[in-house]
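All residue numbers refer to positions in the sequence shown, counting from 1.
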Amino acid sequence: MYASISLVVTLVNNSSEEHDFVIQELDYHLHTMPGSTNKESITFTEAGTYEAICTIPGHKEAGMVATIQVTE
């Protein structure tokens, strides 16, 4: 049986553009405006591989992608 695990995401935006951190499979969205920091917890209830992206146009294509591997 898999127990849930929580992860704290801290999004620091030192740029002049807005950014976000989105895990579409979990309907998770953390948004940060220029010059600010946002921090939020996310709980994974199933093991798996999750893709996180920045959904601002062109940012995913520029490499703003992360993979999160949750194991039992």
Side-chain angles (χ1 to χ4, degrees):
M1 176 186 230
Y2 178 77
S4 64
I5 186 169
S6 292
L7 172 71
V8 175
V9 177
T10 303
L11 187 57
V12 179
N13 186 350
N14 292 323
S15 77
S16 59
E17 298 180 49
E18 63 183 297
H19 291 283
D20 63 7
F21 185 89
V22 174
I23 303 173
Q24 293 174 333
E25 302 98 318
L26 301 178
D27 198 28
Y28 178 82
H29 184 222
L30 180 61
H31 185 259
T32 305
M33 295 301 290
S36 63
T37 299
N38 283 329
K39 182 174 164 180
E40 189 174 274
S41 178
I42 182 169
T43 300
F44 296 88
T45 58
E46 295 182 22
T49 301
Y50 299 87
E51 180 184 66
I53 62 171
C54 182
T55 63
I56 306 303
H59 289 195
K60 178 182 177 184
E61 296 77 14
M64 292 184 186
V65 178
T67 301
I68 301 169
Q69 180 70 46
V70 178
T71 58
E72 294 184 27

- Residue pairs passing the ring-ring contact (aromatic ring centres under 6.0 Å, His included) test where at least one lies in residues 52-72, sequence neighbours excluded: His19-His59

- Message: Distance check, rounded to the nearest 0.5 Å: Thr67 atom OG1 versus Ile23 atom CD1?
- Response: 10.5 Å

- Calculate, to the nearest 0.5 Å, the distance between atoms CD1 and CZ belonging to Ile42 and Phe21 respectively. 7.5 Å

- Message: Taking atom CD1 as the centre, does Ile5 end up with more than 12 heavy-atom neighbours from other residues, nucleotides or ligands that are less than 6.0 angstrom away?
- Response: no

- Note: Thr32 and Leu11 closest approach over all heavy atoms is OG1-CD2, 3.1 Å

- Out of curiosity, Met64 CE to Thr55 OG1, how far, rounded to the nearest 0.5 Å? 11.5 Å

- Results of side chain to side chain donor-acceptor pair (under 3.5 Å) for Asn13 - residues two or more places apart only: Ser15

- Do Glu51 and Val65 touch side chain to side chain, with heavy atoms closer than 4.5 Å? yes

- What's the spacing between Glu40 CD and His29 NE2 if we round to 0.5 Å? 10.0 Å

- Honestly curious: do Ile56 and Met33 fall in one hydrophobic cluster under the side-chain, below-4.5 Å linking rule? no

- Message: Can you list everything that forms a ring-ring contact (aromatic ring centres under 6.0 Å, His included) with Tyr50? Sequence neighbours excluded, please.
- Response: Phe44

- Message: If you count heavy atoms of other groups shown closer than 6.0 angstrom to CD of Gln24, is the number above 12?
- Response: no

- Message: Tell me the closest heavy-atom pair linking Glu18 and Pro34, and the distance in Å.
- Response: N-CG, 3.9 Å

- Message: Tell me every residue that passes side chain to side chain contact (heavy atoms under 4.5 Å, CB included) with Ser4, counting only those two or more places apart in sequence or in another chain.
- Response: Thr43, Thr45

- Task: To the nearest 0.5 angstrom, please state how far the CG atom of Asn38 sits from the CG atom of Leu30.
- Result: 5.5 Å

- Task: Mind checking side chain to side chain contact (heavy atoms under 4.5 Å, CB included) for Thr10 and listing every partner two or more places apart, or none if nothing turns up?
- Result: Val8, Val12, Thr37, Lys39

- Apply side chain to side chain contact (heavy atoms under 4.5 Å, CB included) to Gln69 and list each qualifying residue two or more places apart in sequence or on a separate chain. Thr49, Thr71

- For Glu25, does the CD atom sit with more than 12 other heavy atoms under 6.0 Å from it, leaving out its own atoms? yes

- Does Ile68 share a hydrophobic cluster with Leu26, counting links as ILVMFWY side-chain heavy atoms below 4.5 Å and allowing steps through other members? yes

